[in-house]
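Lettering of chains follows the sequences in order, A, B, ..., and the numbering in each one begins at 1.
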Protein chains: 2
Amino acid sequence: MENVKNECKNCCTCVHENCPHANVDENTLYDLAELFKVFGDSTRIRIISALMDGEMCVYHLSERLGAGQSAVSHQLRILRAAGLVRPRREGKEMYYSLDDDHVKEIYGAGLAHIIHKGGYVNE
Amino acid sequence: MENVKNECKNCCTCVHENCPHANVDENTLYDLAELFKVFGDSTRIRIISALMDGEMCVYHLSERLGAGQSAVSHQLRILRAAGLVRPRREGKEMYYSLDDDHVKEIYGAGLAHIIHKGGYVNE
DNA sequence: CTAACATATGAATATATGTTCATATGTTGT
DNA sequence: ACAACATATGAACATATATTCATATGTTAG
């Protein structure tokens with residue numbers, strides 16, 4: 001409702017884009033929830049993970065995930081709408097790739113937490 | 001299903017915890033989706049945002065969010081189960097705080113993406 | 001232009017999830 | 001022990017969401 005002004009008490013006094021203590025209004029928090037919601041589905045996070053290695057067409061994504069073409073296409077639509085992936089047409093095929101490095105940063109930050117909590121063993 | 005071994009092609013050859021290209025098995029991806037799912041709710045992200053300023057008791061959280069006590073408590077349970085917040089009892093009250101800095105990193109990474117996409121104006 | 005292929009989309013269904021209400025648990029002061 | 005308060009929890013309900021099926025759109029080769 002209200003927009004409380006909070007100065008960063010932890011890392012700095014200025015408000016730069018990476019500062020997690022930056023003043024954030026309610027609408028931004030809703031946007032943020034929407035963004036994380038997109039990451040919060042196993043099919044979509046698996047798509048993102050697959051695209052870490054580089055672009056891939058829908059058919060190969062579908063194959064790699066063992067999911068239906070329609071399901072993958074629906075999820076790609078959501079990823080696209082969130083600005084997380086970008087399509088590129090080449091003939092009949094659509095190649096998808098991660099939109100920018102923010103996607104990798106969010107993914108990496110989440111992964112670091114999982115690892116820290118010990119639920120992950122690297123081989 | 002299968003566990004494909006991918007070496008990082010972008011930033012390094014070693015596999016350290018922050019590398020977004022680290023080899024990640026299917027189970028970890030499911031854990032990751034579960035983690036982001038926790039961030040992907042407006043009530044929970046508002047709780048996290050509130051706790052950025054420091055610990056807070058349930059009643060004050062409930063007050064600040066304009067949400068019911070029960071709703072907040074239910075969401076705190078989920079945040080606790082995910083290892084994102086930590087409770088501390090002081091008399092009748094329960095004070096919650098962010099569990100560790102990973103929470104801030106994930107939050108900050110998401111916020112950076114929102115800002116980059118232009119959906120956020122800092123005052 | 002037509003057939004074959006790749007992807008996208010709409011509708012329907014089944015499942016997951018958040019909130020509310022009622023109540024239980026736990027703590028303090030008397 | 002009891003009353004008052006703070007928080008937690010279970011059940012019920014309403015809503016959101018992911019998948020599937022059928023079909024539409026778009027592209028290429030012949």
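Using cut-offs of 30° and 60° for the angle between ring planes, the B/H113 and A/H102 rings count as perpendicular.
For the pair B/R77 CZ and D/dA6 C1', the computed distance is 18 Å after rounding to whole Å. When rounded to the nearest whole Å, the span between CZ of B/F36 and P of C/dA16 equals 22 Å. As rounded to whole Å, 9 Å separates atom P of D/dT7 from atom CG of B/L61. Rounded to a whole Å, the CZ atom of A/R44 is 8 Å from the P atom of D/dT19. Protein atom CG of A/L76 is 11 Å distant from nucleotide atom P of C/dT9, rounded to whole Å. Going from atom OH of B/Y59 over to atom C1' of C/dT28 covers 18 Å, rounded to whole Å. For the pair B/E34 CD and D/dA18 P, the interatomic distance rounds to 12 Å; values are reported in whole Å.
Proximity of A/I78 to A/K37: side-chain heavy atoms (C-beta onward) are nowhere separated by under 4.5 Å. Using a 4.5 Å cut-off on side-chain heavy atoms (C-beta onward), A/Y96 and A/V72 make no contact.
Ranked by how close their nearest DNA chain D nucleotide is to the 5' end, A/E90 and A/T43 are led by A/T43. Toward the 5′ end of DNA chain D lies the nearest nucleotide of A/K37, the other residue of the pair A/R89 and A/K37 mapping further downstream.
Between C/dT9, D/dA18, C/dA8, one nucleotide has an atom nearer to the side chain of A/Y96 than all others, and that is C/dA8. Distances from the side chain of A/H74 to the nucleotides C/dT19, C/dG10, C/dA8 place C/dG10 closest. Among D/dA18, D/dT7, C/dT7, the nucleotide with an atom closest to any side-chain atom of A/M94 is C/dT7. Of the candidates D/dT9, C/dA6, C/dT27, the closest approach to any side-chain atom of B/K92 belongs to C/dT27. In the set D/dT7, C/dA8, D/dA18, C/dA8 carries the atom at the smallest distance from any side-chain atom of A/V58.
The structure places CZ of B/F39 at 5.5 Å from CG of B/L35, a figure rounded to the nearest 0.5 Å. In this structure, the separation between CD on A/E90 and CD on A/E55 is 7.5 Å, given to the nearest 0.5 Å. Between atom CD1 of residue B/I45 and atom CD of residue B/Q75 there is a gap of 12.0 Å, rounded to the nearest 0.5 Å.
Not one N or O on the side chain of B/R88 forms a donor-acceptor pair closer than 3.5 Å with the backbone of B/Y95.
Residue contacts shown for A/Y95 are absent, as no nucleic acid heavy atom lies under 4.0 Å away.
Of the residues in residues 65-73 of chain A, A/Q69, A/S70, A/S73 come within less than 4.0 Å of DNA chain C through at least one heavy atom, sorted by number.
One axis for each end of the helix from C/dC1-D/dG30 to C/dT30-D/dA1, each built from five base pairs, and the angle between them comes to 30° at 10° resolution.
Salt bridge status for A/R46 with B/E26: present, with a side-chain N to carboxylate O gap under 4.0 Å.
Heavy atoms only, all atoms of each residue included: A/C57 and A/E93 are closest at CB-CB, 4.2 Å.
Under the 3.5 Å distance criterion, with hydrogens and angles disregarded, no donor-acceptor pair is assigned to the side chains of B/T28 and B/D31.
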